[in-house]
Amino acid sequence: MKLRATPGGPITGRFAVPGDKSVSHRALILGGLAEGETVISGLLESEDVLATAAAVRAFGPRVERFGPGRWRVIGAPWRSPQAPIDCGNSGTSARLLMGAAAAHDLTATFTGDASLSRRPMHRVRAPLEAMGVRFEGGDTLPLTLHGPVATGINHVNTPASAQVKSAVLLAGLGTDQPVTVAEPIPSRDHTEIMLRHFGAEVESDGRLTRLAARRTLTAQLVVVPGDPSSAAFAWAAAAIVPGSEVTTEGVLLNPLRSGFIMALQRLGADVRLDNVRGAQGETIGDVRVRYGPVFGAEFTAEEIPSMIDEIPILAAVAAFARGETRIEGLDELRHKESDRLALMAEGLTACGVDARAEGDALVIHGRAVSGGATVETQGDHRIAMAHLILGLAAQQPVEVEEAEMIATSFPTFREAMRRIGAGIEEVA
Ligand code: S3P
């Protein structure tokens, strides 16, 4: 499917932010591991999360939907699934589920689509093997795992990856041996926060995370906050389309996910946070972004993990910023759903932006953006959405290929954007 974004009037109003993808995956998995009935509201019903729901069900727990975003998970001992676990496009499903499965005496084969089957799995396979799990296969999917874990691990997680850290912690629930994960730069800590919510003991100083003695989980109510990685598209549109003002409510503001908000502020965008509060160990709040001039800025490697999924949309905003924007330390972007570093440089260039990849940095000289191009996304949802937002503020429409993949993370994207005034429609 091809989508076209047509430049038009201001982007205004309240943006319906879907549930956070990372928290949604974890709620289903921890619910499946816990004793009792976990009730989830606000679950993101995207393809990636539905892949996790089906997988958890295949391992034995009951997983039921009883209303929009409302799910019930009844934990059970995990057993070998009858068929391969298809993770679709979702790296989070694959890596977290491998960790959770590894805690149990079972055999499971994990598969994925063409994009996921190219992504590195050695980074999760190696620590799980060190914990005594056996694997058949190579460094990519398909992989067959034989649990359970036999020992603990002191894992050094380089490069920082929340998916790998989470896999090790979830596998660690199957042993009483010491389990620690050290990271050079802290990655998102939703697994740690939700493990605590479910009654496990997890200590962390940001760089070193340790599972303590209490490792049993008890079912909980989980309210999934709004996804900042999806809200980012509306914030960006408001920042670059003249006259815009967008409000998003109840968005996850975990500091390890808030890099893009700080990046917008660094570019000079008019961003305001309101009603910031705690919720089940996470921080949430409301965010308002207004149009205003933006200026080039520099971003260093240390800042990347807290906005790892927002680099494509940050690059789109930078295309409108006066002066040079330099985003360093983007090597990990090459291992996402596509090589996002290369695709952003190519897509922006196709839209008339002066953009290039320099080693593992992205360098953009902002100016009026001509648009008028069809952008190749290689089936990457965030590449597609970032270029559609760019198109809303360009001189000519921008079209993106393989836009159906947006449903992996944000199935309601078009409708939510349409309601705040964005002209995004399907083209033949
Ligand atoms: C995720 C972690 C990030 C992110 C992904 C979701 C998670 O990956 O890119 O979209 O839910 O743990 P890494 O931290 O592994 O880079």
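All ligand and atom numbering here is 1-based and tracks the order in the structure. Both backbone and side-chain heavy atoms feed into the values below; hydrogens, waters and symmetry mates do not.
The contact set between ligand 1 and I308, taken as ligand atoms under 4.0 Å from a residue heavy atom, comprises 9 (O). Each of the following atoms of ligand 1 lies closer than 4.0 Å to a heavy atom of S161: 13 (P), 14 (O), 15 (O).
A heavy-atom separation below 4.0 Å is not found between H190 and ligand 1. The shortest heavy-atom distance from H25 to ligand 1 is not under 4.0 Å.
Atom 12 (O) of ligand 1 has R26 NH2, 2.6 Å as its closest protein atom, hydrogens excluded (heavy atom only). For atom 11 (O) of ligand 1, the closest non-hydrogen atom on the protein side is S22 OG, 2.7 Å. Closest to atom 8 (O) of ligand 1, if we only count protein heavy atoms, is K336 NZ, 3.1 Å. Scanning all protein heavy atoms for the shortest distance to atom 10 (O) of ligand 1 gives D309 OD2, 2.7 Å. Of the protein's non-hydrogen atoms, the one nearest atom 6 (C) of ligand 1 is T92 OG1, 3.4 Å.
Between R257 and D20, at least one side-chain N (NZ, or NE/NH1/NH2) sits under 4.0 Å from a carboxylate O, which counts as a salt bridge. A salt bridge is defined here as a Lys NZ or Arg NE, NH1 or NH2 lying under 4.0 Å from an Asp or Glu carboxylate O, and D274 with R288 fails to meet this definition.
Judged as a ring pair (Phe, Tyr, Trp, His ring centres under 6.0 Å), and not counting sequence neighbours, F233 has no contacts.
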Pairs of donor and acceptor atoms involving the side chains of residues 127-138, under 3.5 Å and at least two apart or interchain, shall be tabulated with distances.
residue	atom	partner	partner atom	Å
E129	OE2	R125	NE	3.0
E129	OE2	R125	NH2	3.1
E136	OE2	H146	NE2	2.5

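Closest to atom 14 (O) of ligand 1 by heavy atom, among A162, A167, S229, S187, is A162.
Using modelled atom types, one side-chain atom of K165 and one backbone atom of R188 make a donor-acceptor pair closer than 3.5 Å. No side-chain donor-acceptor contact under 3.5 Å links T111 to the backbone of P142.
With hydrogens and angles left out, the side-chain atoms of E303 and T300 include a donor and acceptor closer than 3.5 Å.
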